[in-house]
> 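Quick one: the structure is below, and I'll ask about it shortly.
Starting from 1, each residue takes its place in the sequence as its number. Values below: all heavy atoms of this structure, side chains included; hydrogens, waters and symmetry mates excluded.
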Amino acid sequence: MTAKIGYDEVEIGTELPARGFPLTRATLVRYAGASGDFNPIHWNEKFAKEVGLPDVIAHGMFTMAEAIQVVTDWVGDPAAVVEYGVRFTKPVVVPNDDQGALIEVSAKVAAKLDDNKVRVDLTAMSAGQKVLGMSRAVVRLA
């Protein structure tokens, strides 16, 4: 696969299509099984509260993975992402109800770089709070 977006097609400020990612406790259990991360803060409400959290929280790496999907969907090729990093600023709290939580992700091209690369800055929010800071990806375009 190769990137479907051409370097000459984008400008600084180009906004990527925003997306929401719903998650429930069942989502967290499936991710725990896939990742091998069975830390009880991600599934046991009593334990999470005993260690000072408001409730069960989503895995940070899960949150990070959901966010980058906005970029990979836009560019059309996950291999086009050559760098990606975030700071975890707030946890994604996942209540035990029928709705769970929602991670809302928006992104825009923040810089055009050499070698057909662009820097994309992402904003990830949940329950009105920014959950990822300094969330940036460098992507090689066609």
> Mind checking what makes side chain to side chain donor-acceptor pair (under 3.5 Å) contact with T72, not counting sequence neighbours?
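T72 satisfies side chain to side chain donor-acceptor pair (under 3.5 Å) with no residue once adjacent residues are dropped.
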> I'd like to check the side-chain contact (heavy atoms from CB on, under 4.5 Å) partners of A79; sequence neighbours left out, ordered by chain and number.
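Only D77 meet the side-chain contact (heavy atoms from CB on, under 4.5 Å) criterion with A79.
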> Quick one: list whatever passes side-chain contact (heavy atoms from CB on, under 4.5 Å) with A65, sequence neighbours left out.
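Partners of A65 under the side-chain contact (heavy atoms from CB on, under 4.5 Å) test: none.
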> With sequence neighbours excluded, tell me which residues meet side chain to side chain donor-acceptor pair (under 3.5 Å) with D121.
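So D121 forms a side chain to side chain donor-acceptor pair (under 3.5 Å) with R119.
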> How would you list, by chain and number, every residue that makes a side-chain contact (heavy atoms from CB on, under 4.5 Å) with V82, sequence neighbours excluded?
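V82: side-chain contact (heavy atoms from CB on, under 4.5 Å) contacts with K117, V138, R140.
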> Between W43 and L28, is there a donor-acceptor pair closer than 3.5 Å when you use the side chain of the first and the backbone of the second?
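No, W43 side chain to L28 backbone: no donor-acceptor pair under 3.5 Å.
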> Please list all pairs meeting salt bridge (Lys or Arg N to Asp or Glu O under 4.0 Å) that have one or both residues in residues 81-96, counting only residues at least two apart or in different chains.
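Every candidate salt bridge (Lys or Arg N to Asp or Glu O under 4.0 Å) pair involving residues 81-96 fails, so no pair, neighbours aside, qualifies.
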> Within a reach of under 6.0 Å around CD of Q99, are more than 12 heavy atoms found that belong to other residues, nucleotides or ligands?
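Result for CD/Q99: open.
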> Can you list every pair that meets ring pair (Phe, Tyr, Trp, His ring centres under 6.0 Å) and has a residue in residues 70-113, with sequence neighbours left out?
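Passing the test, one end in residues 70-113: no pairs.
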> Could you work out the complete set of other residues in the hydrophobic cluster of F47, with links drawn between I, L, V, M, F, W and Y side chains under 4.5 Å apart?
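Other cluster members: I41, V51, L53, I57, V93.
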> Partners of V70 by side-chain contact (heavy atoms from CB on, under 4.5 Å), sequence neighbours excluded?
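With neighbours one apart ignored, the set is L16, R19, F21, V105, A107.
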> Restricting to pairs with a member in residues 26-40, which pass side-chain hydrogen bond (donor to acceptor under 3.5 Å, both in side chains), not counting sequence neighbours?
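Residue pairs with at least one partner in residues 26-40: T24-T27.
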> Please identify which of these residues, V71, I68, T14, meets the side-chain contact (heavy atoms from CB on, under 4.5 Å) condition with V120.
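Among V71, I68, T14, the one that satisfies the side-chain contact (heavy atoms from CB on, under 4.5 Å) with V120 is V71.
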> Measure the shortest side-chain to side-chain distance between E50 and N44 over non-hydrogen atoms and say whether it is less than 4.5 angstrom.
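No - every pair of side-chain heavy atoms lies 4.5 Å or more apart.
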> Holding to salt bridge (charged side-chain N to carboxylate O under 4.0 Å, His left out), I want the full list of residues that pass it with E66, two or more places apart in sequence or in another chain.
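Result, salt bridge (charged side-chain N to carboxylate O under 4.0 Å, His left out) vs E66: none returned.
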> Could you report the tightest heavy-atom contact between D55 and R25, atom names first, then the distance?
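Scanning both residues, the minimum pair turns out to be OD1-NH2, 2.7 Å.
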> Sequence neighbours excluded, which residues qualify as side chain to side chain donor-acceptor pair (under 3.5 Å) partners of E104?
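Result, side chain to side chain donor-acceptor pair (under 3.5 Å) vs E104: none returned.
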> Taking all non-hydrogen atoms of both residues into account, name the closest pair between L132 and M64 and its distance.
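Shortest heavy-atom contact: CD1-CA, 4.3 Å.
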> Would you name the heavy atoms of S126 and V131 that are closest together and state the gap between them?
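Taking S126 first and V131 second, the nearest heavy atoms are CB-CG1, 3.8 Å.
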